[in-house]
Amino acid sequence: MSRDTQRNAGLGTKLRAAATIAEKAAETYRNAALSRTMHTLKSQDFQVAGITGSTVSDIVYDSGMVSGAGRQIYDQVMDGRDEDLCPMCRHTEISELDHVLPKKAFPALCVAPDNLVGTCDYCNSKKSNITTEVAGRVLLHPNFENVSTERWLKAEVSAGSPGVLRYFVAAPPHWDAVFADRVRHQFGFLNLATRYSSKANQTLGGMRQHFTKQLEKSHEAGLRIYLEDLASSHRADDLNGWAGVAYSAWAADDDFCQGSFNAESGPRAQVNDHGMENFKITWMQGGLRRQSVVRYSAKAAGDYTSYKRAEAGVSDVRIVRVR
């Protein structure tokens, strides 16, 4: 915590006096998360009087929690998760803590445990400091909103392709309209259709020979049963995981089960991955050069790079194609 000096006008005292404000803010935030009314929270109601949001964030979170005495709390939040995959996308491994509501816009929540979620670098960068008062565009809160118990993610084989999948949201009919809109918005906002399709196409590339042997040995019916078994196994672990959905979609497609996955409808680089390419994105942060290797479309990779450049404390962002 900051000490009082003549130059900082008693900043340390002001921050210590804000403890009650932070506790009340955390309670308000939790109630809103539980009632799915986070879109009603206003930035002006989560300020610390007489101190800018940037100052509170820099001292309390960056200096106090990330690199100070509160580091153990940071580590507890990171280590306390049940899984390694990012809860926002279920695609990439968790690598950092994200503030559900931005720490500089909502400084009273900058170290509230309920406002801290372990995410992957892509989702954190993509989300950035975006907030909204539109209920249907509020991203799901992983700690309070569990959508893993019902099937809502589906995919289908693109017509005329050798198994290329199109992922989409199929909201259960009993979901309320706003919640369904939020799931669809998050799915599109995080480019999950493209990211999941890329994963599925990579998997298909590695399994194509095995599927061919299975088809030769047990014919169409046998391959379909085999795919359904794989789907069931993956879905037992993650009901809406891209892998289980992929195997279900392939099993449901007659052409695929008859061997269309071996068809060539054009140059392989154009057929597989819908224009996906490998990119290496590097940046300077905390005195270290960091990197992320992704497989996205050129647009998605460009968006990712733009969000990273806008991130506080990040400089010298570079992106190159990886051949």
Side-chain angles (χ1 to χ4, degrees), residues 83 85-92 140 147-175 180 183-277 294-297 300:
E83 300 184 49
L85 286 181
C86 172
M88 299 293 290
C89 64
R90 303 292 303 158
H91 175 277
T92 310
L140 301 181
V147 293
S148 66
T149 59
E150 298 181 275
R151 292 177 61 170
W152 56 267
L153 179 65
K154 292 189 178 181
E156 62 183 10
V157 177
S158 298
S161 77
V164 174
L165 294 179
R166 181 184 73 85
Y167 283 83
F168 57 94
V169 173
H174 62 272
W175 280 8
V183 175
R184 293 190 191 97
H185 170 69
Q186 180 159 317
F187 186 79
F189 180 72
L190 297 178
N191 297 315
L192 296 186
T194 299
R195 297 167 72 186
Y196 289 170
S197 180
S198 173
K199 283 283 192 181
N201 289 328
Q202 291 176 53
T203 296
L204 178 56
M207 294 291 286
R208 185 174 281 108
Q209 185 178 32
H210 186 66
F211 290 165
T212 299
K213 292 180 178 179
Q214 191 71 31
L215 180 61
E216 293 173 349
K217 181 176 70 174
S218 55
H219 309 293
E220 177 183 347
L223 176 59
R224 193 185 306 275
I225 292 173
Y226 177 71
L227 292 169
E228 289 171 345
D229 285 344
L230 288 174
S232 178
S233 178
H234 279 282
R235 280 197 146 134
D237 178 64
D238 187 350
L239 190 59
N240 295 288
W242 66 266
V245 173
Y247 287 116
S248 287
W250 289 329
D253 190 84
D254 291 340
D255 289 341
F256 187 93
C257 291
Q258 292 168 10
S260 67
F261 52 85
N262 278 321
E264 290 291 344
S265 59
R268 190 181 183 92
Q270 294 180 10
V271 172
N272 293 345
D273 293 345
H274 285 304
M276 309 295 287
E277 299 178 78
V294 297
R295 185 168 180 79
Y296 298 135
S297 67

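A donor-acceptor pair under 3.5 Å is formed between the side chain of Arg195 and the backbone N or O of Leu190. Between the Tyr167 side chain and the Trp242 main chain, a donor and an acceptor come within less than 3.5 Å of each other. Side-chain atoms of Ser218 come within 3.5 Å of backbone N or O of Gln214 as a donor-acceptor pair. For Ser198 (side chain) and Thr194 (main-chain N/O), no donor-acceptor pair under 3.5 Å exists by modelled atom type. Judged by distance alone, the side chain of Asn240 and the main-chain N or O of Leu153 form a donor-acceptor pair under 3.5 Å. Side chain of Ser197 to main chain of Leu165: a donor-acceptor pair is present (N/O by atom type, distance under 3.5 Å, no hydrogens or angles). Between the side chain of Gln186 and the backbone N or O of Leu140 there is at least one donor-acceptor pair closer than 3.5 Å.
Within the 4.5 Å cutoff, no side-chain heavy atoms of Phe168 are placed close to those of Leu192. At least one side-chain heavy atom of Val164 sits less than 4.5 Å from a side-chain heavy atom of Ser158. A heavy-atom distance below 4.5 Å is found between the side chains of Met207 and Thr203.
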What verdict does the side-chain contact (heavy atoms from CB on, under 4.5 Å) test give for Tyr226 and His210, after you've listed the backbone C-alpha separation in whole Å, the side-chain angles of each residue and the deciding distance to 0.1 Å? CA-CA 11 Å; Tyr226 177 71; His210 186 66; 2.8 Å; yes

Evaluate side-chain contact (heavy atoms from CB on, under 4.5 Å) for Leu223 paired with Phe261, printing each intermediate quantity in order. CA-CA 12 Å; Leu223 176 59; Phe261 52 85; 3.8 Å; yes

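The structure places CG of Asp253 at 8.0 Å from OG of Ser161, a figure rounded to the nearest 0.5 Å. The OG atom of Ser233 lies 13.5 Å from the CD atom of Glu228; values are rounded to the nearest 0.5 Å. Here Ser232 contributes atom OG and Leu227 contributes atom CG; the two are 12.5 Å apart, rounded to the nearest 0.5 Å. The line from CH2 of Trp175 to CZ of Arg184 is 8.5 Å long, rounded to the nearest 0.5 Å. For the atom pair Tyr247 OH and His234 NE2, the distance stands at 4.5 Å (nearest 0.5 Å).
No hydrogens or angles considered: a donor-acceptor pair under 3.5 Å links the side chains of Asn262 and Thr212.
Exactly one residue among Arg235, Lys154, Glu156 makes a side chain to side chain donor-acceptor pair (under 3.5 Å) with Ser248. That residue is Arg235.
The nearest pair of heavy atoms linking Ala180 to Ala171 is CB-CB, 3.8 Å. For Thr92 against Cys89, the heavy-atom pair with the smallest separation is N-SG, 3.6 Å.
Note on Glu220 versus Arg224: salt bridge recorded, some NZ/NE/NH1/NH2 to OD/OE distance being below 4.0 Å.
Using the six-membered ring where Trp is involved, Trp250 and Phe256 have ring planes that are parallel, under 30° apart on the 30 and 60° scheme.
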